[in-house]
Amino acid sequence: MFEKNLTKKMQDIVLEGHIPAKEVSRVIKKPYSTLLRELNPFDAHAKLGAETMFEIVKATHNISVLEFMARELGYTLSPVDGQQPAAKPGIKPRRVLEQEATM
């Protein structure tokens, strides 16, 4: 069940985020149709890889899925002091609001 919850959270980040899903697919260099299929928690034949998940988090600057994973494992997530997330070319970084970060 954790796996489907994680995939659903990633799907929500991409489809309901502030950056259009097609822009996310362009930045992570993955075909839009492939990305949508990998994000579908009900598609048993396509899986979202860890590398793709990491690229989505970097592209969207939405760390809520990382916070979810940490909570599920009994940990918390906090930024490294004094560091800002690295921006991807073509996407402006935005601060994730606390409300958005708790899923």
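You'll find the side chain of Gln11 stays beyond 4.5 Å of the side chain of Glu16, heavy atoms only. Looking at heavy atoms from C-beta onward, Leu6 lies out of side-chain contact with Leu48 at the 4.5 angstrom threshold.
Leu77 CG to Phe68 CZ: the interatomic distance, rounded to the nearest 0.5 Å, is 13.5 Å. Atom-to-atom distance recorded for Thr7:OG1 and Lys47:NZ is 7.0 Å, nearest 0.5 angstrom.
Summarising the geometry of Ser25 relative to Pro31, their closest heavy-atom pair is CB-C, 4.4 Å, with the distance given to 0.1 Å. Annotation for Met10 and Ile56: closest pair CE-CG2, 3.4 Å, computed over non-hydrogen atoms. Of all heavy-atom pairs spanning Ala59 and Val27, the tightest one is CB-CG1, 3.9 Å. In plain terms, the two heavy atoms of Leu35 and Ala21 that are nearest each other are CD2-O, 4.3 Å. Of all the heavy atoms in Ser64 and Ile13, the pair that sits closest is OG-CD1, 3.7 Å. Annotation for Ile19 and Thr60: closest pair CD1-CA, 3.8 Å, computed over non-hydrogen atoms.
Lys30 has no carboxylate O lying under 4.0 Å from a charged side-chain N of Glu55, or vice versa, which leaves the two without a salt bridge.
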Trace of the side chain to side chain contact (heavy atoms under 4.5 Å, CB included) decision for Met53 with Lys9: CA-CA 11 Å; Met53 186 178 121; Lys9 288 185 185 320; over 6 Å; no
For Tyr75 and Arg71, what are the C-alpha separation, side-chain angles and deciding distance, and is it a side chain to side chain contact (heavy atoms under 4.5 Å, CB included)? CA-CA 5 Å; Tyr75 291 86; Arg71 271 192 316 274; over 6 Å; no
For side chain to side chain contact (heavy atoms under 4.5 Å, CB included), just list the numbers for Asn62 and Val57, CA-CA rounded to whole Å, side-chain angles, deciding distance to a tenth of an Å, and then say yes or no. CA-CA 6 Å; Asn62 186 330; Val57 170; over 6 Å; no
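Following chains of ILVMFWY side-chain contacts shorter than 4.5 Å, one can reach Leu66 starting from Ile28, so the two form part of one hydrophobic cluster.
The number of heavy atoms from other shown groups lying within 6.0 Å of OH (Tyr32) is above 12.
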